[in-house]
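All remarks here apply to the structure that follows.
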2 protein chains.
Amino acid sequence: MATIGDVAAAAGVSRSTASYALSGKRSISEGARRRVLEAAEALGYTPNAGARALATSQTMVLGLLARFHADEFAPAMTQYILGVTDTARDLGYDTLLVTEPDGAGALRRITDSRMVDGVVLLNVAHDDPRLPVLRAAPQPGALVGLPGDCSGVDVFDLDFEQAGRVMVDRLHGLGHRELILVSQPEHVVERGGAYVWRLRDAALERARRLGVRLHAVYGESRRPAAERMLGALLDARPGATGLLLDNEAAAAALPSVTRARGLEGLSVVGRYSAEFAETFALPYAYVELAPDRLGEMAVRQLVRRIESAQARAEPFVVRLVPAELTSPPS
Amino acid sequence: MATIGDVAAAAGVSRSTASYALSGKRSISEGARRRVLEAAEALGYTPNAGARALATSQTMVLGLLARFHADEFAPAMTQYILGVTDTARDLGYDTLLVTEPDGAGALRRITDSRMVDGVVLLNVAHDDPRLPVLRAAPQPGALVGLPGDCSGVDVFDLDFEQAGRVMVDRLHGLGHRELILVSQPEHVVERGGAYVWRLRDAALERARRLGVRLHAVYGESRRPAAERMLGALLDARPGATGLLLDNEAAAAALPSVTRARGLEGLSVVGRYSAEFAETFALPYAYVELAPDRLGEMAVRQLVRRIESAQARAEPFVVRLVPAELTSPPS
DNA sequence: CTGAAAGCGCTTACAG
DNA sequence: CTGAAAGCGCTTACAG
């Protein structure tokens, strides 16, 4: 592989001149400049990433930490990841994807070893063990998901409280007065999925204010169980005419359940991504999660902090994307 | 951040002694060894990845190139990726995930700049533009997906030809004599998805030999279209009593179509992952794709080649995983 | 406008 | 058993 020394020799200049000609960081005589560029082209020169990182303290790589749990149904993961990787590349960065169970240890490894210039955390829990590590790290970090303590990091998430209100308002507006909310399974909450109770508590509060009965329950995250759970639930609450689904597995399972029972009068509003709605051909109105957009927002802010000392000094942000209701396909 | 110089100073030894004590690559007096390890621990020392890569020509990072097409339904992508990242980590490697549309350019970038020690290509096309780049690269590469030309790389894939035969045999064994095969959409084939016609041609050949009528058609990859297509197809072929689905969107759509038509007599056999079967609660027998296992196999072989000069000299392999029929859930 | 040199933080022959 | 030194391939003050 050609080094910058080879390029310099071929162009008949010093290595520093070759470097400056390539980077454009100082003015170079037109002739030297041209010879360097031609030599680089001819030799197929690409700078060695490790050497450059060592010299500049910049790797042009972002870390992406994703949590996968075997007992969770995480259909939006690909969209989150694509939002991050595509945006990173647009901004000139590559992405190191880390999926190991010990997220805190992994985070320490990639930050301490200076493999990355910054880090995006996906699937952030209320009391996320990765956060202390991230705050202690020299690189900036951006989160997708709202933790209990947002200090020291930029945070991006859907406004789940507003989502809860929007969902209740929708069914109340359609005239329904007894509703069921199916949340994520309890183990998701126990694991720190604060968005579950943020949506639920806001929905309960709104329902109370509107004089609507709202039964909030935990759902399932696996497929055959989700069907059974919905069936039992509808049996137990025959008076309920509206269903709020903050649970992807339940949303995916519902069509077959209602079809089997002939419950065409049931009104439903979900909370999932547009991609998910299409994949499962769901006919319900829903609050869109927009995982790719959240990933993009996190990366843009992260790169701002990485590249500008001024931006690094700005106060940290918590950006909650407004919950918007998307109509079902007609 | 502490450097190895800091550790050496704190332990009262030279940098080379500190380095050797940490790596264990030569014998060190017990006292010096202990003091180095304690100093490293106390200072929270982690080697700088860029510096180490520069010195050793090893990054301990694997490149993972995934292709995403907006018009493709790629439900197994997460499983492929997890198979790769989890296995890589088990073997001591991190994973650089590259998703940009220009896969050949991206591959050249990460190999030329020496960001990675090896590369896994996902979603390999028959005449994949990334392959010439990979063959020219100094790093070894492993593919998930069988291209037209396997020279210079290790290849892992499901045996799609055998899958086609297994699927026909299954329905023939159940007594069916007129079948329909729904393949991926035509644009997947045009893009180089050779596995589509490998399965189809093998199925046609087997059907011919068994005296079974087999109608092979292209399906859809998007959700509402998949339902319509299946409906029209079943109308057009009223004599067909068995369905082979080499198309995830069609498999996901089929339950609602058959329910709407009361086609309980239809026998179905699919080709998808276990994860997919569960996610969509599919009641059909299927040939399992096992994307995580394919990813794992590719990484293991890749790391073997990276780490052993002897392995690097071995002939390249093409490993086709046998197609096995998985029974539907009872 | 340009070059010689130092330095980034490691590893590893080379000497002793 | 250990240390001084060279070298990996860059970038960037420092001099001229």
Side-chain angles (χ1 to χ4, degrees), chain A residues 1-37 39-40 43-61 109-117 138-139 307, chain B residues 1-37 39-40 43-61 109-117 138-139 307:
Chain A
M1 211 66 231
T3 72
I4 197 162
D6 300 330
V7 173
V13 300
S14 71
R15 297 194 310 157
S16 60
T17 297
S19 177
Y20 283 121
L22 257 13
S23 72
K25 285 192 182 169
R26 82 176 179 194
S27 44
I28 299 285
S29 69
E30 188 41 41
R33 208 183 99 81
R34 214 203 46 246
R35 275 176 292 135
V36 168
L37 296 188
L43 295 171
Y45 171 70
T46 306
N48 179 297
R52 175 174 276 181
L54 188 56
T56 63
S57 300
Q58 284 216 119
T59 63
M60 302 307 286
V61 174
R109 176 167 48 79
I110 68 171
T111 54
D112 280 1
S113 67
R114 297 295 206 283
M115 298 182 81
V116 296
D117 295 337
Q139 300 95 336
E307 298 190 341
Chain B
M1 211 66 230
T3 72
I4 199 163
D6 300 328
V7 172
V13 299
S14 70
R15 299 194 308 160
S16 60
T17 298
S19 177
Y20 283 121
L22 258 12
S23 71
K25 286 192 181 169
R26 83 177 178 193
S27 44
I28 299 287
S29 71
E30 187 42 39
R33 208 183 99 80
R34 215 203 46 247
R35 277 177 291 135
V36 168
L37 296 188
L43 295 171
Y45 170 70
T46 307
N48 179 296
R52 176 173 276 182
L54 187 56
T56 63
S57 301
Q58 285 215 117
T59 63
M60 302 308 287
V61 174
R109 177 166 48 78
I110 67 172
T111 53
D112 280 2
S113 67
R114 297 294 206 283
M115 298 181 80
V116 296
D117 295 336
Q139 298 96 335
E307 297 189 342

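All of these numbers come straight from a predicted model, not from anything done at the bench. In what follows, chains are A, B, ... by sequence order, proteins preceding strands, each numbered from 1.
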- Task: May I have the step-by-step check of side-chain contact (heavy atoms from CB on, under 4.5 Å) for A:Val36 and A:Leu22, ending in yes or no?
- Result: CA-CA 7 Å; A:Val36 168; A:Leu22 257 13; 3.8 Å; yes
Spacing of [X] atom [atom1] relative to [N] atom [atom2], expressed in whole Å:
{"X": "A:Leu22", "N": "D:dG9", "atom1": "CG", "atom2": "P", "value": "16 Å"}
{"X": "A:Arg52", "N": "C:dG7", "atom1": "CZ", "atom2": "P", "value": "22 Å"}
{"X": "B:Gln58", "N": "D:dG7", "atom1": "CD", "atom2": "P", "value": "21 Å"}
{"X": "A:Leu54", "N": "D:dG7", "atom1": "CG", "atom2": "C1'", "value": "12 Å"}
{"X": "B:Met115", "N": "D:dC10", "atom1": "CE", "atom2": "P", "value": "14 Å"}
{"X": "A:Asp6", "N": "D:dC10", "atom1": "CG", "atom2": "P", "value": "8 Å"}
{"X": "B:Met1", "N": "C:dG9", "atom1": "CE", "atom2": "C1'", "value": "13 Å"}
{"X": "B:Tyr45", "N": "C:dC10", "atom1": "OH", "atom2": "P", "value": "4 Å"}

- Please determine, for D:dG3, whether a Watson-Crick or G-U wobble partner exists with both distances under 3.5 Å, and give it or none.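 Pair assignment: D:dG3 / C:dC14.
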When you check the phosphate oxygens OP1 and OP2 of [N], does a side-chain N or O of [X] lie under 4.0 Å from one of them?
{"X": "B:Thr17", "N": "D:dG3", "result": "yes"}
{"X": "A:Ser29", "N": "C:dT2", "result": "yes"}
{"X": "A:Tyr20", "N": "D:dC10", "result": "no"}
{"X": "A:Lys25", "N": "D:dT11", "result": "no"}
{"X": "B:Thr3", "N": "C:dG9", "result": "no"}

- Once you round to the nearest 0.5 Å, how far does CD of A:Glu307 lie from CG of A:Asp117?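 So the gap between those two atoms works out to 8.5 Å.
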- Task: Write down the atom of A:Ala32, the atom of A:Val13, and the distance for their closest heavy-atom approach.
- Result: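 Distance-wise, the nearest heavy atoms are CB-CG1, 4.2 Å.
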- Item | Heavy-atom closest pair, residues B:Ala39 and B:Ala10 |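 So the two residues come closest at CB-CB, 3.8 Å.
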Of the candidate nucleotides [options], which contains the atom at the shortest distance from the side chain of [X]?
{"X": "B:Ser19", "options": "C:dT2, C:dT12, D:dT11", "result": "C:dT12"}
{"X": "A:Ala55", "options": "D:dG7, D:dC10, C:dC1", "result": "D:dC10"}
{"X": "A:Ser16", "options": "D:dT11, C:dC1, C:dA5", "result": "C:dA5"}
{"X": "A:Ser14", "options": "C:dG3, C:dT11, C:dA6", "result": "C:dG3"}

- Donor-acceptor pair present, B:Arg26 side chain and D:dT2 base, under 3.5 Å: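 It does, because a donor-acceptor pair links the side chain of B:Arg26 to the base of D:dT2 below 3.5 Å.
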- Query: Above 12 or not: heavy atoms from other molecules or residues under 6.0 Å from CZ of B:Arg33?
  - Reply: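 No, CZ of B:Arg33 has 12 or fewer neighbouring heavy atoms, counting only those of other groups under 6.0 Å.
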- Item | First encountered from the 5' end of DNA chain D, between B:Thr56 and A:Ser23 |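 That would be B:Thr56.
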- Kindly indicate, with the supporting measurements, whether the criterion side-chain contact (heavy atoms from CB on, under 4.5 Å) is fulfilled by A:Thr46 and B:Arg109. CA-CA 8 Å; A:Thr46 306; B:Arg109 177 166 48 78; 5.9 Å; no
- Which is true for B:Ala53 with a 4.0 Å heavy-atom rule: it touches a base, it touches only sugar-phosphate, or it touches nothing?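 If one applies the 4.0 Å heavy-atom cut-off, B:Ala53 turns out to touch nothing in the nucleic acid.
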